Protein chains: 2
Amino acid sequence: MNIVQDESRRDRKKLQRRALLIEIARRYIASKGLISLRVRDVAEAAGCSIGSVYNEFGDFDGLILTVNRETVQALTARLKAIPAGDPLRQLHGLADAYLGFATEHANLLRALFEHRMEDDRPFPDDILAMVMDAFALMHAPLVRLLPDRDPDDVALLSRMMFSAVHGIISLGLEERMVAVPPEMLRERLAEFVDTHLAGLGVSRSA
Amino acid sequence: MNIVQDESRRDRKKLQRRALLIEIARRYIASKGLISLRVRDVAEAAGCSIGSVYNEFGDFDGLILTVNRETVQALTARLKAIPAGDPLRQLHGLADAYLGFATEHANLLRALFEHRMEDDRPFPDDILAMVMDAFALMHAPLVRLLPDRDPDDVALLSRMMFSAVHGIISLGLEERMVAVPPEMLRERLAEFVDTHLAGLGVSRSA
DNA sequence: CTCGAAAATGAACATTGTTCAAGACGAATC
DNA sequence: GATTCGTCTTGAACAATGTTCATTTTCGAG
C-alpha cells in the first residue's frame, strides 16, 4: 500500500475518534449544560485515555471551542436555508429559525455565548467571524425592505434587530426568570418583528 | 451590659465581616469575571479562614448568590430612580439606565444572568422575584402609552421590550462578537425604543 | 522482522470547592 | 476573676477535576 492510503487509513481512524469525542462532548453539553462537561467522562465514554483527549484538542477549552464551532456552523446552515424570495417572509423565517434552533439546542447555544476563555486568552477569530456571518444574514432582506436608507445604517439596524431577537429568545427560554412564556414565544416573536418593521416604515406583512 | 447590647455588638462585628466578604467577592467578579472568584482568595483578602466563608454563606453558590442579590437590588434601585412623569421619557430613561448599569457593571450583570446553580438546585425565588420586578418597571409607562390595549397584552409587550433591550445591551457590551459598537449603543438604543414604539402606534418622542 | 516516530496511556500533580474535628472566644454566672 | 458552655473560627485533610509527561504501545516503512 502506498503512503497516501496508509496515512488516510490512519487519519480516518483518528478523524473517526475525533468525531466521536466531539459528539460525546456535545451530548454532555446539550443534556446537562457546559458545567457538566468533564474530560474524564468524555474519555471514558469514548473508550480512550484522558491524554488522548488532550492530544486531540490541546486542552479543555479546545474541546469546548470545537463543539461551539460546530454549533455556530449548524445554526448558520439553518439560517442560510431560509429562502430569500420575499424579504419580509425571509426576516420572519430567520427569526423563527433562530427560535427553533435555540429551542432544540438551548444548552449548546448557551455554551456558545456564555463560555469564557481561560486566563484571558482571546476568543478565536474564526468563531467570531462565523457569528458575525450569522448576524449579517438579516442584512440583505432589510436592505431590500429599506431601499432608501444608508446601507451602513441598515447594517446597524440589522445587528440591533438580531441582538433584540437574541435577547427575547435567550431570556424567553431561560426557565428561571421567565421573560415571555415559551409557548407564546413563537407568535410573539413574529409580532415583535412586524411591530419593529412597522416602526421602520415597512407596511405590515400580508 | 445587657443581653441586647452584647448581641448587637457581636452581630455588628459579624455583619461587618460579612459585608467585607461580599465586597471582596464583588470586586473579584467585577474586575475579572465570575470565573476568577476563588474562596481562598476571598478568605485571604478578608483576613479570615476558608471555613468562615462557609459559615457565612453555606457554600460557594451562597456567596455568588449574595453578590447577585445585591447586584439586582442595585439595578432595580437605579431603574426605580427614573421619574415617572412623561411615560415616553420614562421608557427612554429606563433603557438608558439599564445601559448605564450594564456598562459600569458588565461582569456583575453577567454573573447574575449566566451563573448556573450546582447540581440542578433551584434558582432562588427571591432573586427571581427581584428580576421580575425590574422587568415590570416598563409596564406602567407602556400602559399609559397604550391605553387601548389589553393590560395582559401590554404586560407581555413590556417583557418583550425588556428582553430585546437586554439582548441589544448584553451582546453590544460583549467585547467579542461585537454586535453594535459600544460608542453608538446609547444613541442606537434610544432610536430602537422610538422605532418600536412607533411600530406600536405611539407617535415619536418630542 | 526490525526500527523509529508518532500516538496512547494513566499515574502523578496542581488547583479549588468542601468538610469537620479541634481549638479559641466570649457571654453569662457565681 | 474563675468557670462553664455554647458558638465561632480555624486550617488540615479530602474530593473532584484540569493538566502534564515519562513510559509504553502502535503501526507503517524499509
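Order of the sequence lines sets the chain letters (A, B, ...), proteins ahead of strands, with each chain counted from 1. If you're wondering where the values come from, they're calculated on a predicted model, not measured in any experiment.
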Trainee: Taking atom CD of Glu183(A) as the centre, does the number of heavy atoms from other residues, nucleotides or ligands within less than 6.0 Å exceed 12?
Mentor: yes

Trainee: Would you say the side-chain atoms of Thr71(B) pair up with the backbone N or O of Leu109(B), donor to acceptor, closer than 3.5 Å?
Mentor: no

Trainee: Just how far, in rounded Å, is P of dT19(D) from CG of Asn55(A)?
Mentor: 13 Å

Trainee: Salt bridge or not for Asp153(A) and Arg188(B), using N-O below 4.0 Å?
Mentor: yes

Trainee: Grab the NZ-P distance between Lys14(B) and dG26(C) for me, whole Å please.
Mentor: 14 Å

Trainee: Is the distance between the ring centroids of Tyr54(A) and Phe60(A) under 6.0 Å?
Mentor: no

Trainee: Taking all atoms of both residues into account, what is the closest heavy-atom pair of Thr76(B) and Met130(B), and its distance?
Mentor: OG1-O, 4.0 Å

Trainee: When the distance from CD of Glu118(A) to C1' of dG18(D) is rounded to whole Å, what number comes out?
Mentor: 8 Å

Trainee: Indicate whether OP1 or OP2 belonging to dT10(D) is found under 4.0 Å from a side-chain N or O atom of Ser52(B).
Mentor: yes

Trainee: Between Phe60(A) (CZ) and dT20(D) (P), how many Å, whole number?
Mentor: 14 Å

Trainee: Check the distance between dG17(C)'s C1' and His115(B)'s NE2 and give it to me in whole angstrom.
Mentor: 13 Å

Trainee: Between residues 38-51 of chain A and DNA chain D, which residues have a heavy-atom gap below 4.0 Å?
Mentor: Arg38(A), Val39(A), Arg40(A), Ile50(A)

Trainee: Ignoring hydrogens and angles, tell me if any N or O in the side chain of Asp96(A) forms a donor-acceptor pair with the backbone of Ala190(A) under 3.5 Å.
Mentor: no

Trainee: Identify whether any heavy atom of Leu37(B) sits under 4.0 Å from a base atom; if not, whether one sits that close to sugar-phosphate; answer base, sugar-phosphate or nothing.
Mentor: sugar-phosphate

Trainee: In whole angstrom, give the distance that lies between atom CD of Glu56(A) and atom C1' of dT9(C).
Mentor: 15 Å

Trainee: Under 4.0 Å from OP1 or OP2 of dA7(C): is there any side-chain N or O of Arg17(A) that close?
Mentor: no

Trainee: Using atom CE of Met117(B) as one end and atom P of dG17(C) as the other, report the distance to the nearest whole Å.
Mentor: 16 Å

Trainee: For Glu191(A), is there any backbone N or O sitting under 3.5 Å from a side-chain donor or acceptor partner on Thr195(A)?
Mentor: yes

Trainee: If I take atom CD1 in residue Ile35(A) and atom P in nucleotide dT17(D), what distance separates them, rounded to the nearest angstrom?
Mentor: 10 Å

